Amino acid sequence: MKEEKIIQIVNDFLIDEFELEPEQIKIDTLLRDELELESLDLVDIIVLIEREFGFKVEPTEIVEVNTVGELYTFIIERVNKP
Amino acid sequence: MSEWTGKTRGGIAGYKSFVFLLKYFGISTAYFFLRFVVLYFLIFSPTAVKASYYFLNKRLRFSPLKSYRYISRTFYKLGQVLIDKIAFLSGLNKNYTFDFDGEEHLREMAEKTGGVLIGVHAGSWEIAGHLLERLNTTVNIVMFANEHEKIANFLSEMYKDKNVKFITIGNDDYSHLFRISEALKNREIVAIHGDRFLPGSNTITKEFFKKQAKFPVGPFLIPLKYNVPVSFVMAMNETSKHYHFYATPPKKFRAPKSPADRNNLVNMMLEGYITNLENILLKYPDQWFNFYDFWQKKE
């Protein structure tokens, strides 16, 4: 899957699910402090990843993800893993 | 005084000792031995004494003399509650009587939607949980791993034939959130405390007995996130072997429109929780069992 497509899916999800404005979503935006996402919201993100990208995420892995950019990278690396 | 560290005094040995006493000598004997335990804690647990005095004297405005009298009562009540919990789990519950306020609301919740029950470290949370067995559904009790790992295993063993499950909150992952999510999707009941948090958790500061105190955000977010009703529950000890169970009418909040709107709804829910808690504690001032610097500032 192309990186642009992955980023689009993630952005659409963040906008729809958390009622965010597109301009709020930048590479260095902090998920917890700036977008005010809570631990419970990260559970939704894990569910999205599993559903849309078809790989399983351990809850401990998502704890390490702090920014929108890190979320993109996390998914892109796993999706494109040989 | 420091904030709550995630650990509670006493452990598996204490529980087993009381089980032994209860089985072979009865509840009254256990109550008798409790007097010595209370004396021990009054002498050797200055942090708990100080925290209790602060609550009674500064927050409830009791006189110094009355405050000291109530500290002993608080420790004795806590001991009684612990003995009663073990007695309950050991099958000695026929010795107890109860009043129920709001059970019908919980029955409806259990039968129709499932939901979240938010409790407090006052009165007997465990007996509240035990009384929830009367509901025809699975009750998932959420506990802190550090606080209850061994005790939870022990209690799980005692609860093994009952419709109660334990969900432990660890420090390093979100696995408990998945279990909570799964339980609520299955229309089960999730019971969680609304008064304690681990360092680093998200909190909201609210006025509680006329002074700002921190409360965890997590428990109050769950009903919003899963769109289920919430009720505040407590089981307060009234006289020896008599408890009064309180459950507020379940309230279902509207779906939040944004993270900011969600914060407003969490604030509203928390205000309801605090008002209910203040009313209960004014009625039962000797059953506030948070023995650390809850308000995090000395006067």
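Keep in mind that what you see is a predicted model, and the values were worked out from it rather than measured.
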Might you confirm whether atom [atom1] of [X] has over 12 heavy atoms from other residues, nucleotides or ligands at distances under 6.0 Å?
X	atom1	value
B:R107	CZ	yes
A:E3	CD	no
B:E271	CD	yes
B:K257	NZ	no
A:D16	CG	yes

Quick one: CG on B:L221 to OG on A:S39, what's the gap to the nearest 0.5 Å?
->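 Separation between the atoms: 8.5 Å.
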For the atom pair CD (A:E38) and CG (B:N263), what is the distance rounded to the nearest 0.5 Å?
-> 7.0 Å
How would you list, in number order, the residues of residues 23-34 of chain A that have a heavy atom less than 4.5 Å from chain B?
->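 Answer by number: A:R32.
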Choice from A:L40, A:V43, A:I46 maximising heavy atom contacts with chain B below 4.5 Å =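 Winner by heavy-atom pair count: A:L40.
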Taking all non-hydrogen atoms of both residues, which atom of B:P259 and which atom of A:L35 are closest, and how far apart?
-> CG-O, 3.8 Å
Of all the heavy-atom pairs spanning A:E36 and B:R262, show the shortest one and how long it is.
->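 Minimum heavy-atom contact is O-NH2, 3.5 Å.
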A:D41 portion near chain B, given a 4.5 angstrom heavy-atom threshold |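 Contact with chain B involves both backbone and side-chain atoms of A:D41.
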B:I180, part contacting chain A, at a heavy-atom distance under 4.5 Å |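 When you check distances to chain A, no heavy atom of B:I180 falls under 4.5 Å.
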Turns out that what part of B:K225 lies under 4.5 Å from chain A's heavy atoms comes down to side chain
